[in-house]
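Labels below follow one simple rule: chain letters A, B, ... track the order of the sequence lines, proteins then strands, and each chain is numbered from 1.
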Protein chains: 2
Amino acid sequence: MCCRNRHGKRFFTGELYGIDILQTIALFSGLSADQLETLSQIAVRKTYHRGEMIFHEGDKGNGIYIVETGRIKVFKLSMDGKEQILHIYGPGHTFGEVPVFQGKNFPASSMALEPAGIIFLPRDRFVKLLTTSPALGMNMLADLSRRLRDFTVQIEALSLKEVPARLAAYLLTLSREQNNEARVSLPISKAQLSNLIGTTPETISRMFKKMGDAGLIAVQTRTIELQDKEGLEELSESGRL
Amino acid sequence: MCCRNRHGKRFFTGELYGIDILQTIALFSGLSADQLETLSQIAVRKTYHRGEMIFHEGDKGNGIYIVETGRIKVFKLSMDGKEQILHIYGPGHTFGEVPVFQGKNFPASSMALEPAGIIFLPRDRFVKLLTTSPALGMNMLADLSRRLRDFTVQIEALSLKEVPARLAAYLLTLSREQNNEARVSLPISKAQLSNLIGTTPETISRMFKKMGDAGLIAVQTRTIELQDKEGLEELSESGRL
DNA sequence: ATAAAACCTTGATCTGAATCAAGACACCGC
DNA sequence: GCGGTGTCTTGATTCAGATCAAGGTTTTAT
């Protein structure tokens, strides 16, 4: 299968991949040209269509994944089919490292939320490079630490905050990610959003309505106007709606 | 302040610390005698009494902490004083690394649950050692990865399982930690336990009763006999009580 | 462009667990 | 042993949010 990526460069699905993308990724900042070259030689590209599984909880993990295009989710499923999303990642983010460093298998599953291009770095050769590059090691430690921090926030939200507070916090985070615009566009469906903040689509719908009635936001399908950031801030700090 | 530790060696609170303890810690396995010596030169010991804070959420983190004796909890508090415990650590465990690798400050607070001896490794010198020792780096990555895994389990429990399932899972984990004995002793109070699994003391009390009535366990104050591990296993997999 | 599939809203009802309020128990120093 | 302090239990009540059900809207793939 032969195609061209958005830079017009030719590539082959599942084959070697150029360094032009790799050097834009935070994890690889500070690496020498040599090291980037080495990485490019071990990188493999894969494409996924919307809804396709990237890996399953319990699978053996054989390398790290990097999102080049599209969005993916990392999630857990309960016995009875309920889903909790742990992360949603877009271009430049890495995922799937836990089994690389800890052995064992994936603690969660991963699926493409839209057509996605993923770069894969096989474990053994990545680890070898890691042991020869303190900068890469420190970047990796920083990356895992950021995720630990994110998880503490998520646990706090699930355990100590109510749904309106979690939703308000999510909207404010979105705004921060989108240049602090008062108008934000939801990057995921409301159904996915409900799985991310640990509730149901019905509840999300009702809360949006209530927040609209309270003058905090105005919802237009997938675009939400944050009319009262102050109020949202207060609500996110465990206020009541 | 001068005293003797349990090995009879003399030490000074807040001063240099011997390598005999350090080499028993998983994080430092595979290190050379030289490197252990370096570590011992930067290690500082501190003692805490029951209930004393080790650090507060939002504080600047300037190094990593290792439990030598006693137990500590890492936790978050909500606006209205409710607590969610993120980890409980005992001898040999490390904590407080997130700010070391990510900059910024502690995402959670830490308190001694009993009189505790803690070894502290200041950030700058620890990081310097890290960049010269691939083994230490890999150990650290493995450690953070294990914690990411633990967090995925905790999030799954909070979001996807009900209180009886979480409690059953906790009891089975305890049993595994205590040689798979059918009789386990609670290492923490029931009030702390309720904060760990994300509920209240009242609910814990009721669930213990229900599980007793169902013939799954028998509770004697702080000792619990797991009478039906099969049944507990099933209950922990999201069964209903 | 169109049909099918996913997604979203709204209302009615149900339920697990929190909260509030007292007592009972257990462990501590004296 | 004894009183006191902190921890645990038990019951009554309340509530946030899940679930069930059904109709309407948007998105996606072809």
Side-chain angles (χ1 to χ4, degrees), chain A residues 49-52 70-71 73 78 80-84 111-116 157-168 185-213 217-224 235 238-241, chain B residues 49-51 78-84 113-115 157-168 185-213 217-224 235 238-241:
Chain A
H49 48 255
R50 178 189 155 88
E52 188 175 354
R71 276 170 192 280
K73 67 176 171 185
S78 74
D80 52 330
K82 275 184 300 184
E83 172 180 314
Q84 172 66 46
M111 178 188 281
L113 288 174
E114 17 182 303
L158 284 172
S159 163
L160 301 175
K161 293 182 174 180
E162 302 186 337
V163 171
R166 289 180 241 159
L167 189 50
S185 71
L186 292 179
I188 52 176
S189 74
K190 287 168 190 167
Q192 296 296 332
L193 174 55
S194 73
N195 287 335
L196 182 62
I197 72 176
T199 183
T200 60
E202 292 95 326
T203 297
I204 287 284
S205 193
R206 289 185 239 274
M207 293 310 164
F208 271 146
K209 188 151 186 227
K210 273 199 188 177
M211 289 165 73
D213 292 349
I217 60 172
V219 183
Q220 295 118 45
T221 315
R222 278 212 152 192
T223 300
I224 294 168
L235 179 57
S238 200
R240 195 58 56 91
L241 196 59
Chain B
H49 49 255
R50 175 188 156 92
S78 73
M79 216 57 30
D80 52 330
K82 276 184 299 183
E83 171 179 314
Q84 172 66 44
L113 289 173
E114 13 181 308
L158 284 172
S159 162
L160 269 14
K161 293 181 174 180
E162 302 186 337
V163 171
R166 290 180 241 160
L167 188 50
S185 72
L186 292 179
I188 51 176
S189 75
K190 286 169 190 166
Q192 295 296 331
L193 174 54
S194 73
N195 287 336
L196 182 60
I197 70 175
T199 184
T200 60
E202 293 95 326
T203 297
I204 287 283
S205 193
R206 289 184 238 275
M207 293 310 165
F208 271 146
K209 186 148 188 231
K210 274 198 187 178
M211 288 164 73
D213 292 348
I217 60 172
V219 184
Q220 294 118 46
T221 314
R222 278 216 158 191
T223 301
I224 294 168
L235 178 57
S238 199
R240 197 57 57 90
L241 196 60

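Closest approach of B:Met207 to B:Leu167, counting heavy atoms only: CB-CD2, 3.7 Å. Pairing each heavy atom of B:Arg166 with each of B:Ile197, the nearest pair is NH1-O, 2.6 Å. Shortest non-hydrogen contact noted between A:Leu113 and A:Arg50 is O-CG, 3.7 Å. When all heavy atoms of A:Ala165 and A:Leu235 are compared, the pair lying nearest together is CB-O, 3.3 Å.
Among the heavy atoms of the strands lying under 4.0 Å from A:Pro164 are primed sugar atoms or P, OP1, OP2 only; no base atom is included.
Contact footprint of chain A on DNA chain C: nucleotides with an atom under 4.0 Å from a non-hydrogen protein atom, first to last in 5' to 3' order, C:dA6 to C:dA12.
A side-chain donor-acceptor contact under 3.5 Å links A:Lys190 to the backbone of A:Thr221. At least one donor-acceptor pair under 3.5 Å links the side chain of B:Gln84 to the backbone N or O of B:Leu196.
Rounded to a whole Å, the CD1 atom of B:Ile204 is 14 Å from the P atom of D:dT10. Atom P of nucleotide D:dA16 and atom NZ of A:Lys161 are separated by 18 Å, given to the nearest angstrom. The distance between atom CG of B:Leu167 and atom P of D:dC8, rounded to the nearest whole Å, is 14 Å.
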Given the rule in the side chain to side chain contact (heavy atoms under 4.5 Å, CB included) test, do A:Ile188 and A:Lys73 qualify, once you have shown the distances and angles that lead to the verdict?
CA-CA 10 Å; A:Ile188 52 176; A:Lys73 67 176 171 185; over 6 Å; no
Could you walk me through whether B:Ile224 and B:Met211 satisfy the side chain to side chain contact (heavy atoms under 4.5 Å, CB included) test, starting with their C-alpha distance in whole Å, then the side-chain angles of each, then the deciding distance to 0.1 Å, before giving a yes or no?
CA-CA 11 Å; B:Ile224 294 168; B:Met211 288 164 73; over 6 Å; no
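Looking only at side-chain heavy atoms (C-beta outward), A:Lys210 and A:Pro164 stay at 4.5 Å or farther from each other.
Annotation: side chain to side chain contact (heavy atoms under 4.5 Å, CB included) contacts of A:Ser189 (sequence neighbours excluded): A:Ala191, A:Gln192, A:Arg222.
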Generate the contact string for nucleotides 20-30 of chain D. Rules: B means base contact, S means sugar-phosphate contact only, - means no protein heavy atom under 4.0 Å.
B-----SS-S-
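Residue B:Ser205 is the one, among A:Thr203 and B:Ser205, whose nearest nucleotide of DNA chain D lies closer to the 5' end (criterion: closest heavy atom). Nearest-nucleotide positions on DNA chain C for A:Pro201 and B:Asp80 put A:Pro201 closer to the 5' end.
Interatomic distance, B:Ser194 OG to B:Glu83 CD, rounded to the nearest 0.5 Å: 8.5 Å. Rounded to the nearest 0.5 Å, atoms OG (B:Ser185) and CD (B:Gln220) are 11.5 Å apart.
Contact check of residues 189-200 of chain A against DNA chain C (heavy atom, cut-off under 4.0 Å) returns A:Ser189, A:Lys190, A:Ala191.
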Throw together a table of side-chain donor-acceptor distances under 3.5 angstrom for residues 198-205 of chain A, partners on residues two or more places apart or in other chains.
unit_1, atom_1, unit_2, atom_2, d
A:Thr200, OG1, A:Thr203, N, 3.3
A:Thr200, OG1, A:Thr203, OG1, 3.1

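Rounded to whole Å, the separation between the P atoms of C:dT9 and D:dT28 comes to 16 Å.
Axis angle, first five pairs versus last five pairs of the helix from C:dT9-D:dA22 to C:dA22-D:dT9: 30°, rounded to 10°.
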